[in-house]
Amino acid sequence: MWSDEEFERITGPHRRELMAHCYRMLGSAHDAEDLLQEVMLRAWRASGDYDERRASPRTWLYRIATNACLTALEQRGRRALPSGLAGPGDDPEAGPGRPLPEVTWLEPIPDALVDPAAVVASRGGIRLAFVAALQHLPPRQRAVLILREVLAWRASEVADLLDTSVAAVNSALQRARAQLARVAPAEDGLAEPDDPACRDLLDRYVAAFEKADVEALERLLREDAVLEMPPFLSWFAGREDFGRFIRWVCGRRGPWRMVPTRANGQPALAAYVDGGDGVLRAHSLQVLEITEGGVARNVVFGDPTLFTLFALPAAL
């Protein structure tokens with residue numbers, strides 16, 4: 001068995017990419033953090049049996065992590081976004097409706113928790129819409145697609161990791177691609193968070209929201225812009241309904257403060273709202289898709305506990 005120093009030296013460089021792998025598989029940053037601890041414990045216990053002639057440390061760790069995820073998924077349903085459960089709402093002035101705590105919702109992940117190089121190299125592999133689409137796949141298909149398409153493993157390597165044949169891997173990949181093509185939204189033209197035009201549009205979006213200037217905000221939206229708000233089932237499609245709902249919100253809550261952050265390789269905003277006593281408290285974490293034509297989608301996670309995960313204060 002390795003010493004503590006050896007274990008950290010060998011496993012440490014891979015932890016953040018394993019975190020991203022567990023997140024893609026599970027759709028939850030909290031679950032991925034918990035499972036990564038289990039993966040490290042399993043690796044520690046098995047370190048005495050590790051044979052570098054059979055696999056590199058990275059491959060060995062991915063085997064442990066993938067199998068741990070597959071075991072965990074045996075007891076869990078898929079995580080979802082509202083747009084994957086129902087059609088868009090048609091009455092924004094009615095508000096979001098009631099929250100659905102019985103639904104297991106997809107969670108965002110802070111860029112800070114995953115390998116920065118991996119985020120840049122395979123940004124599409126961590127984006128919220130892609131992870132949401134992965135949740136429609138059976139667990140083993142999900143694992144095959146991630147290993148083959150995101151991590152670019154060879155079919156023979158995936159077959160060895162999953163203790164199956166190359167033919168089975170290729171078949172699973174074909175089925176996974178077909179399913180993903182049916183459920184994954186197009187993401188062509190998404191701006192990178194560090195692009196100056198993207199940063200400028202985000203700044204204008206923040207200014208419009210904080211000023212409750214709905215007309216200015218609407219001008220920043222694409223015609224087909226989408227607004228989702230887990231844990232609420234209601235969601236809205238199109239610039240007009242998006243804007244009407246924001247107008248409804250601004251008429252009932254405020255003032256607001258928006259703090260920029262990063263999630264899933266995308267620009268994000270931590271929203272704080274005055275609770276009526278002059279204190280700005282954590283309200284929601286918003287993950288945006290921004291294109292050259294404007295804001296294409298905003299997923300508003302109404303879960304203040306995410307602020308701890310993102311190392312954000314609970315109040316300003």
Side-chain angles (χ1 to χ4, degrees), residues 82 88-97 99 108 110-111 128 189-232 234-264 266-307 310-316:
D90 57 6
D91 187 7
E93 281 87 1
D111 282 12
L128 200 61
L190 287 186
E192 297 298 327
D194 290 326
D195 183 271
C198 179
R199 294 202 305 269
D200 176 66
L201 191 148
L202 187 66
D203 288 344
R204 287 185 287 147
Y205 185 95
V206 167
F209 203 107
E210 291 184 342
K211 294 175 183 176
D213 188 344
V214 179
E215 288 78 11
L217 189 145
E218 285 179 329
R219 290 194 291 271
L220 302 174
L221 303 177
R222 285 197 343 190
E223 183 64 35
D224 60 351
V226 168
L227 175 66
E228 303 190 64
M229 301 159 288
F232 299 98
S234 295
W235 62 284
F236 302 104
R239 177 189 294 142
E240 181 179 351
D241 281 356
F242 192 132
R244 287 169 63 198
F245 182 80
I246 297 301
R247 192 181 305 277
W248 180 89
V249 169
C250 291
R252 286 157 177 78
R253 303 290 298 272
W256 295 83
R257 179 78 57 79
M258 311 294 265
V259 177
T261 184
R262 295 281 183 86
N264 294 79
Q266 299 169 229
L269 298 169
Y272 293 82
V273 67
D274 188 336
D277 56 0
V279 177
L280 292 164
R281 292 185 173 84
H283 178 271
S284 57
L285 197 290
Q286 307 184 14
V287 183
L288 296 93
E289 292 179 8
I290 295 176
T291 70
E292 185 176 322
V295 175
R297 181 180 295 264
N298 187 2
V299 183
V300 180
F301 293 91
D303 180 4
T305 65
L306 290 171
F307 281 58
F310 278 74
L312 291 161
L316 297 178

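Heads up: numbering here begins at 1 and tracks the sequence.
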Arg199 meets the side chain to side chain donor-acceptor pair (under 3.5 Å) criterion, sequence neighbours left out, with none
Contacts satisfying salt bridge (Lys or Arg N to Asp or Glu O under 4.0 Å) that involve residues 241-255 (not counting sequence neighbours) are Glu93-Arg244, Glu215-Arg247, Asp241-Arg244
Sequence neighbours excluded, the answer for side-chain contact (heavy atoms from CB on, under 4.5 Å) partners of Ala216 is Ala208, Asp213, Arg219
Separation between CE (Met229) and OG (Ser234), nearest 0.5 Å, reads 6.0 Å
Smallest heavy-atom separation, Ala263 atom then Val287 atom, equals CB-CG2, 3.9 Å
Residues passing the salt bridge (Lys or Arg N to Asp or Glu O under 4.0 Å) test with Asp203, sequence neighbours excluded, are none
Hits for ring pair (Phe, Tyr, Trp, His ring centres under 6.0 Å) against Phe310, two or more places apart or cross-chain, chain-then-number order -> none
Contacts of Asp91 meeting side chain to side chain donor-acceptor pair (under 3.5 Å) (sequence neighbours excluded), chain-then-number -> none
The side-chain contact (heavy atoms from CB on, under 4.5 Å) partners of Pro99 (sequence neighbours excluded) come to Pro231, Phe232
The salt bridge (Lys or Arg N to Asp or Glu O under 4.0 Å) partners of Arg281 (sequence neighbours excluded) come to Asp277
Distance col, row Thr305:OG1 vs Asp303:CG, nearest 0.5 angstrom, shows 3.0 Å
Residue pairs meeting ring-ring contact (aromatic ring centres under 6.0 Å, His included), one or both in residues 243-263, sequence neighbours left out, come to Phe209-Trp256, Phe236-Phe245, Phe245-Trp248, Trp256-His283
With sequence neighbours left out, the residues meeting side-chain contact (heavy atoms from CB on, under 4.5 Å) with Glu210 are Val206, Arg257, Met258
Val295 and Ala225 have their tightest heavy-atom pair at O-CB, 3.5 Å
In terms of heavy-atom contacts, Leu280 and Pro255 come closest through CD2-O, 3.7 Å
Side chain to side chain donor-acceptor pair (under 3.5 Å) filter on Asn298, not counting sequence neighbours, yields Tyr205, Gln286
CG of Leu201 to CD of Glu292, rounded to nearest 0.5 Å, is 11.0 Å
Exercise for the section: For Arg222 and Gly293, indicate whether the former's side chain and the latter's backbone hold a donor-acceptor pair under 3.5 Å. Expected result: no
For Asp90, the salt bridge (Lys or Arg N to Asp or Glu O under 4.0 Å) test, sequence neighbours excluded, returns none
All heavy atoms of Gly254 vs all of Val273, minimum pair found to be N-CG2, 3.6 Å
Minimal heavy-atom distance between Val259 and Tyr272, with the atoms involved, is CG2-CE1, 3.8 Å
CG (Asp195) and CG (Leu202) are apart, to the nearest 0.5 Å, by 12.0 Å
Nearest heavy-atom contact between Asn264 and Pro108 is OD1-CA, 3.3 Å
Rounded to the nearest 0.5 Å, the CZ atom of Phe301 sits from the CD atom of Glu228 at a distance of 8.0 Å
Before you tell me yes or no, could you show the steps for Leu190 and Arg297 under side-chain contact (heavy atoms from CB on, under 4.5 Å), namely the whole-Å CA-CA distance, both residues' side-chain angles and the distance that decides it to 0.1 Å? CA-CA 11 Å; Leu190 287 186; Arg297 181 180 295 264; over 6 Å; no
Separation between CG (Leu316) and CG (Asp274), nearest 0.5 Å, reads 11.0 Å
